[in-house]
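Notes follow the structure.
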Amino acid sequence: MANPFAIGKSAQEGKSILALEGYLDAHTAPQFEKAVEDEFEAGRIRIIVDCSKLSYISSAGLGVFMSFVDEIREVGGDIKICGLTPKVFQVFEILGFPALFDIVDDIPAAMKKYEESPVKES
Amino acid sequence: MASIERTFKLQVPSSTENLIIIREFVSSIGAQAGFSPAENAKLELAVDEACANVMEHAYGKDTTKELSIRATLDDDSVQIEVVDTGKPFDPGTIEQKDLDKLVSARKSGGLGMRLMKSLMDEVHYLMIPGQKNELRMVKRRKKTL
């Protein structure tokens with residue numbers, strides 16, 4: 001059975017936007033991991049992950065954010081997250097992600113966040 | 001009035017592509033139990049985490065193995081048992097590190113167990129060496145007083 005998950009890639013004002021759609025679970029997380037890795041290796045270290053069309057996330061998907069964020073921040077980049085639906089946000093919240101990541105409403109807000117704080121202040 | 005207990009069982013090959021089937025199964029059970037969409041989403045995610053752990057850790061991604069999910073509904077709760085015959089794993093041994101420490105150690109393991117404990121009312125783990133591992137989780141049905 002197909003597990004509907006897709007990643008749209010685009011660039012805007014020097015930021016890479018990864019738009020996630022569908023179900024991000026242990027089956028599809030490797031696709032997301034590869035997408036973040038590709039951006040990082042290409043030197044595109046200012047990443048925005050747009051989750052407005054993401055219907056579901058499990059810890060495998062959250063683990064991808066965790067496994068890359070330090071490395072990206074060490075070289076002056078960041079991962080900003082936007083567009084979380086309440087259902088998906090709840091999972092981020094249970095695991096304390098709002099303290100570790102900039103989570104904003106939409107892509108324009110993520111762009112603005114990059115101007116104010118290129119790397120999340122801890 | 002005597003409590004009527006109903007049991008449903010799903011057996012699937014240990015492959016992450018089947019997580020979607022497992023979630024659909026669990027979601028139907030939650031709907032039968034009368035859970036709200038938000039409560040049902042919690043049940044679905046907890047079982048997904050339990051099964052993904054079995055697939056990755058107990059069976060080490062061996063897709064020839066099988067796991068079973070048994071759901072029991074009664075008046076008070078939905079009880080889910082995830083059973084495998086793979087490598088035993090004691091969740092009690094997971095170090096409950098702060099999330100920021102996990103990030104700096106680049107470790108994403110243990111997130112699933114944190115989620116399960118937070119999403120369900122009870123989580124129990126039973127190991128019978130050489131026979132099976134059984135993770136039992138309970139979500140109570142809210143009663144109108």
Side-chain angles (χ1 to χ4, degrees), chain A residues 1-6 21-33 36-37 40 54-74 78-79 81 84-103 119-122, chain B residues 12-27 36-59 61 63 67 91 94 96-120:
Chain A
M1 187 185 284
N3 207 337
F5 177 67
E21 191 172 338
Y23 296 78
L24 181 53
D25 63 7
H27 190 60
T28 56
Q31 291 174 53
F32 177 41
E33 188 168 11
V36 177
E37 197 175 8
F40 182 64
L54 187 68
S55 330
Y56 179 84
I57 193 163
S58 72
S59 69
L62 292 158
V64 176
F65 289 97
M66 278 179 56
S67 55
F68 282 102
V69 72
D70 263 9
E71 220 171 349
I72 288 178
R73 284 178 182 163
E74 271 164 23
D78 203 2
I79 302 175
I81 302 164
L84 297 175
T85 61
K87 180 185 162 187
V88 173
F89 179 72
Q90 187 189 36
V91 187
F92 278 78
E93 204 174 25
I94 291 172
L95 292 177
F97 272 54
L100 301 174
F101 290 87
D102 283 324
I103 298 176
V119 180
K120 182 175 171 57
E121 289 150 21
S122 50
Chain B
V12 293
S14 178
S15 167
T16 53
E17 68 184 333
N18 295 325
L19 287 171
I20 194 164
I21 297 175
I22 294 169
R23 292 197 299 267
E24 278 166 11
F25 169 73
V26 172
S27 170
S36 67
E39 289 301 300
N40 211 0
K42 291 181 184 176
L43 181 72
E44 208 182 313
L45 177 57
V47 180
D48 174 316
E49 296 292 346
C51 294
N53 271 349
V54 168
M55 290 168 182
E56 190 180 347
H57 303 294
Y59 286 142
K61 300 182 183 172
T63 55
L67 66 152
I94 287 193
Q96 291 294 308
K97 279 189 178 171
D98 289 342
L99 193 67
D100 56 350
K101 291 194 185 106
L102 283 175
V103 170
S104 42
R106 292 195 226 291
K107 275 188 185 170
S108 57
L111 291 183
M113 187 51 67
R114 273 165 197 252
L115 276 175
M116 278 182 254
K117 285 182 177 164
S118 145
L119 298 166
M120 302 294 280

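Reminder, nothing fancy here: chain letters follow the sequence lines and each chain counts from 1. Only a predicted model underlies this, so the values are computations on that prediction, with no experimental measurement involved.
- For the pair A/His27 and B/Leu19, the tightest heavy-atom approach, listed with the atom from each and the gap, is N-CD1, 4.3 Å.
- Residues forming a ring-ring contact (aromatic ring centres under 6.0 Å, His included) with A/Phe92 (at least two apart in sequence, or on another chain): A/Phe65, A/Phe97.
- There is no contact between B/Glu56 and chain A, counting heavy-atom distances below 4.5 Å.
- By number of non-hydrogen pairs under 4.5 angstrom with chain A, the leading residue of B/Lys42, B/Glu49, B/Glu44 is B/Glu49.
- Residues meeting the side chain to side chain contact (heavy atoms under 4.5 Å, CB included) test with A/Lys87, sequence neighbours left out: A/Tyr56, A/Thr85, B/Ala41.
- Annotation: side chain of A/Pro4 is in contact with side chain of B/Ile20 (closest heavy-atom distance under 4.5 Å).
- The side-chain contact (heavy atoms from CB on, under 4.5 Å) with B/Leu45 is formed by just one residue from the set A/Ile57, A/Val91, A/Asp25; it is A/Val91.
- The distance from the CG atom of B/Leu115 to the CD1 atom of A/Ile94 is 5.5 Å, given to the nearest 0.5 Å.
- The OG atom of B/Ser118 lies 8.0 Å from the CD atom of A/Gln90; values are rounded to the nearest 0.5 Å.
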